[in-house]
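Labels below follow one simple rule: chain letters A, B, ... track the order of the sequence lines, proteins then strands, and each chain is numbered from 1. This structure is a prediction, so every number in the text was calculated from the model and none was measured.
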Amino acid sequence: MVTRYDPQASEAKWRSAWDQADLFKTISPEDAGDMPKAYVLEMFPYPSGKLHMGHVRNYAMGDVVARYKRATGHNVLHPMGWDAFGMPAENAAMERNVHPSEWTYQNIDAMRAQFQKLGLSLDWSREFATCDPEYYGAQQALFLKFLESGLVYRKASKVNWDPVDNTVLANEQVIDGRGWRSGALVEQRELTQWFFQITKYADDLIDSLETLDRWPEKVRIMQGNWIGRSQGATFRWPLTGNPVAGYEDGIETFTTRPDTLFGASFVALAPDHPITRELAKTNPDIKTFIEEAARIGTTEEAIETAPKLGVDLGLRVKHPFDPSWEIPVWSANFVLSTYGTGAVFGSPAGDQRDLDFARKYDLPVKPVVLPPEEDAASYKIDKEAYTGPGTIYGSDFLDGMSTEDALPAAIAKLEELSLGEKTTTYRLRDWGVSRQRYWGCPIPVIHCESCGIVPVPEADLPVRLPDDVSFDKPGNPLEHHATWKDAPCPKCAKPARRETDTLDTFVDSSWYYSRFAGADNKAERSYWLPVDQYVGGVEHAVLHLLYSRFFARAMNEVGELDLPTGEPIAGLFTQGMVTHETFKSSQDKWLEPSEVEQQGENWIEIATGNPATVGPIEKMSKSKKNTVDPDAIISSFGADVARWFVLSDSPPERDVEWTQSGAEGAARFVQRVWSVFDALTDSDSPAIGTDEASVAIRRASHKAVEAITKAIDEFRFNSAVATIHEWVSTLKKASGKDAATLGAEFEGASMLARCITPFMPHLAEECWAHLGQDGLVSAAPWPKTDNTLLVDDSVTLPIQVNGKRRGEIKVAKTLSKDEVEAIALANEEVASFLAGKDIKKVIVVPGRIVNIVVA
RNA sequence: GCCGGUGUGGCGGAAUUGGUAGACGCGCGGGAUUCAAAAUCCCGUUUUCUCACGAAAGUGUCGGUUCGAUUCCGACCACCGGUACCA
């Protein structure tokens, strides 16, 4: 009798069986023997309270790897936790008057329940949330170690200040120059902030990128660009006439092109360069210019369209290589005070930006690099600067050199003249981590009027967040708290004040992988790290993944880690998003897919009967109303269907479009798999036959296992899915039809159950149990293939005539080239294409193809 | 602008050392089963021409290398992502 698989009944049953067997618990390093370790980690979620399909895809992929590694004999660490500090909890507190802690822990409970329904092979015993005092206390201890080693420091710096909410905002929280919550115009304020000295490792962070051979190229390039190392020279331009106070030695500029120094026609300072600001005090034109430049700002679109603006400061400098040559000093809006020295020299022929500026203000343009195959007498620069390589000319001692050789020659000369030296500049800046927020990790220091900044003694950690806070007033609730910030100085015991800044939440996620590996056990951390396979979204390519690399290095330095490479993540996979179609009403409002209906070619809004339009396929988001709730999918189809669907079709690194019909297809396939097993009612494993039909079935199974294994190893889950589809079709055609092949069918089914376990673990257990196999399939080893079944005795070769397929022959694998050629030439199908033609050549590629070349 | 990626049927995509293009899934068309439906199963489905047997063209465009190119090389086009007055 044919039965159907019931996901609702089965899934819960098998999950509790896994729990009872404590199957996914990590084995301690001592007990693991010579098992290789595999640390499989997915980027831990923010506890928003609700799982979305993106989570399902992310964690399904990680689970495939974790389950596969377990089946192939690895000691697997596959943990889960919560990235739980951050603004949404404070927003909830302000909007709904719930405590951030309460809101967060409730969300965690809700999401944990959802996660558990997915049947992920997680070791929950290592779970933590970053807002647990144990976690942020350990983070505070780490902070103090960094402070002691000089990896953390305090300095005044410019920050985005929201004057309504009275808080610093991260760059991401400033939208079009306004605070994302208050809508107030954001000001630049100079505040004293805490910084991590990430630039200390700039060279190592960039150089080590090439050792990360299991990271996507894309991410490595993005990090390289972000760190932005450029090599060049820093040197001074002596001022003529009355020197500006503090600049008696001249104005310092940075350049990557000292070879073009003889093409210099101006020096330009940033609008907020100290000299510019000083001169503005007495010169109204300069003052106006600074204001104008500040008004345009440096937002993305502003830069796109903003004109080059400048003002002559009236100063003159001497050319470093020719003191008689005077060059004007300008201030220009394209010079950034935050990069290099905040001052540049313009060599217009060799730089488009300098050229635009020179043309606008009628400054000289003197080419000094002659492109190959140009003539010095006739070569001219018009509207396009030449930035490529060439021969230096019109440049005194550099004349005749290649640009490549002139570069070190010019630097050597600057050094000889004691005007400057070779330097390296980075785009990367130290990481400002101070936030004036409540729901974050308190910075564990005390400010004492006599002793200065005093670390909180380790015995007093964690510095706990106070529970009794109010969010009525804008700004930092820790600042407003009546007593929290009062603390005696640990050194002199006089009344002092606690630091009220908390740490950027990116800090929390920069070392959590290490906490999972071993909370208070360095040896255990050494055993597990680095993460063997990390899976997450590409949106973290720079920030989170760069910060994590920094933290591992810093933790190494303070003795918290023993990671020889300094790289915490050996393998990274960035998965694509889950997208869904969008709909809009006739009033241009987004509609949920359930609110529309297709009638013939057109879509209508069900409620009103008005026409609706189909929008683009986009990432699922609440605002576009194109989300699909995983809970709803799990209750109607089961977790296996949700997992299977998000792993099918699209390659894992690309986006996958969620479709109802695709989900139904996945549900159909689950039943199809079950029907293969359902047909095998004899639960005694019968002997495997050696007849032709049995061997054919066995070949299909063993080849499928081989292909699936390779696909999982290479992160090509969609290919594994396709192979499983084909395999199931083959088995279904045979299953239960012929007693002679029953043994082969049983073997295939038993292999199939194990191969689908990483994808559809609940179904796999039900199938495994139905076959009468021992134990849980989640604990079973990966099937082994018999190599003799992977190769065929005979092979079908296509025959081409002049590269076009004209026929095929089936030949024994052992035939020689000549024998194959003879058979091919005698083939009836190709005869008509050879008739009356000269055979020029016959190419036989053993096991592949025969090509007959005729004239 | 610069850097990177991707272009293959109606759609998602296979083809991973240069060797049968379109596996597998979705959709669509036809059929079987059924009183009927659901479910399931089978067949077909790149385009054009042909009653058919077949033939020709075809992997963004144009060219090249090769017996043979989705794959290698050159030039270009489109889309997606990242990034930017970075000196």
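Across B/A23 and B/C11, the matching P atoms stand 15 Å from one another, rounded to whole Å. Remark: the separation of the P atoms in B/C76 and B/G22 is 33 Å, to the nearest Å. The gap from the P atom of B/U45 to that of B/U16 amounts to 24 Å, rounded to the nearest Å. Spacing between B/A21 and B/A14 at atom C1', rounded to whole Å, works out to 10 Å. Separation of the C1' atoms belonging to B/G13 and B/G18 is 22 Å when rounded to the nearest angstrom. B/C43 and B/G25 have their P atoms separated by 12 Å, given to the nearest Å. Nucleotides B/G5 and B/G74 are separated by 14 Å at their P atoms, to the nearest Å. The P atoms of B/U71 and B/U59 are separated by 9 Å, rounded to the nearest whole Å.
Separation of atoms CZ (A/Phe321) and CG (A/Leu414) is listed at 4.0 Å; rounding is to 0.5 Å. Here A/Cys767 contributes atom SG and A/Phe677 contributes atom CZ; the two are 4.0 Å apart, rounded to the nearest 0.5 Å.
Look at B/U61: its Watson-Crick or wobble partner, with both distances under 3.5 angstrom, is B/A75. Nucleotide B/A38 forms no Watson-Crick or G-U wobble pair with any nucleotide shown, as no partner meets the under 3.5 Å limit on both distances. Pairing of B/U33, defined by two Watson-Crick or G-U wobble distances under 3.5 Å, is not identified with any nucleotide. Base pairing annotation: B/U70 forms no Watson-Crick or G-U wobble pair, as no partner gives both donor-acceptor distances under 3.5 Å. Base-pair partner of B/A14: not found among the strands shown (Watson-Crick or G-U wobble, both distances under 3.5 Å). Remark: B/A21 base-pairs with no nucleotide; criterion is Watson-Crick or G-U wobble with both hydrogen-bond distances under 3.5 Å. Of all nucleotides present, only B/G27 satisfies the Watson-Crick or G-U wobble test against B/U45, with each distance under 3.5 Å. With a cut-off of 3.5 Å on both Watson-Crick or G-U wobble distances, the partner of B/G4 is given as B/C80.
A/Trp330 and A/Phe266 have their aromatic ring centers separated by at least 6.0 angstrom. For an aromatic pair to be called close, the ring centres must be under 6.0 Å apart, and A/Phe573 with A/Trp215 fails this.
The existence of a salt bridge linking A/Glu618 and A/Lys624 is confirmed by a sub-4.0 Å separation between a basic side-chain nitrogen and an acidic carboxylate oxygen. With respect to the salt-bridge test (charged N to carboxylate O, under 4.0 angstrom), the residues A/Lys813 and A/Asp792 do not qualify. With respect to A/Glu217 and A/Arg220, a salt bridge is recorded, a charged nitrogen being found less than 4.0 Å from a carboxylate O. No salt bridge links A/Asp649 with A/Arg654; every basic N to acidic carboxylate O contact stays at or beyond 4.0 Å.
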Heavy-atom protein contacts under 4.0 Å, nucleotides 10-17 of chain B, coded B base, S sugar-phosphate only, - none:
--BSSSB-
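Using a distance-only test at 3.5 Å, with no hydrogens or angles considered, a donor-acceptor pair links the side chain of A/Asp351 to the main chain of A/Asp354. The backbone N or O of A/Arg57 lies less than 3.5 Å from no partner atom in the side chain of A/Gln575, so there is not a single donor-acceptor pair.
Nucleic acid contact class of A/Val335 (heavy atoms, under 4.0 Å, all strands): base. Looking at heavy-atom distances under 4.0 Å, A/Gly228 makes no contact with the nucleic acid at all.
Applying the 90° criterion around 0 to the glycosidic angle, B/G9 comes out syn.
Looking at the side chain of A/Thr256, the nearest of the listed nucleotides B/U20, B/C3, B/A87 is B/A87.
Comparing A/Ser230 and A/Glu726 by the nucleotide of RNA chain B that holds the closest heavy atom to each, the one mapping nearer the 5' end is A/Glu726. The residue among A/Ser661 and A/Trp226 whose nearest nucleotide of RNA chain B lies closer to the 5′ end is A/Ser661.
Side-chain nitrogen and oxygen atoms of A/Arg353 include none within less than 4.0 Å of the OP1 or OP2 phosphate oxygen of B/G1.
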Pairs: protein N or O with nucleotides 53-60 of chain B N or O, under 3.5 Å:
from  : atom 1 : to       : atom 2 : distance (Å)
B/A56 : OP2    : A/Arg806 : NH1    : 3.2

Below 3.5 Å between N/O atoms, which protein atoms pair up with nucleotides 65-69 of chain B? Just atom names and distances, please.
from  : atom 1 : to       : atom 2 : distance (Å)
B/C67 : O2'    : A/Asn851 : ND2    : 3.3
B/C67 : O2     : A/Asn851 : ND2    : 2.6

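Taking 4.5 Å as the limit, every side-chain heavy atom of A/Leu763 sits out of range of all side-chain heavy atoms of A/Ser10. The side-chain heavy atoms of A/Val219 and A/Leu572, taken from C-beta on, include a pair separated by under 4.5 Å.
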Evaluate the side-chain hydrogen bond (donor to acceptor under 3.5 Å, both in side chains) criterion for residues A/Ser265 and A/Tyr361: first the C-alpha distance (whole Å), next the side-chain angles of each, then the deciding distance (0.1 Å), finally the verdict.
CA-CA 11 Å; A/Ser265 70; A/Tyr361 292 104; over 6 Å; no
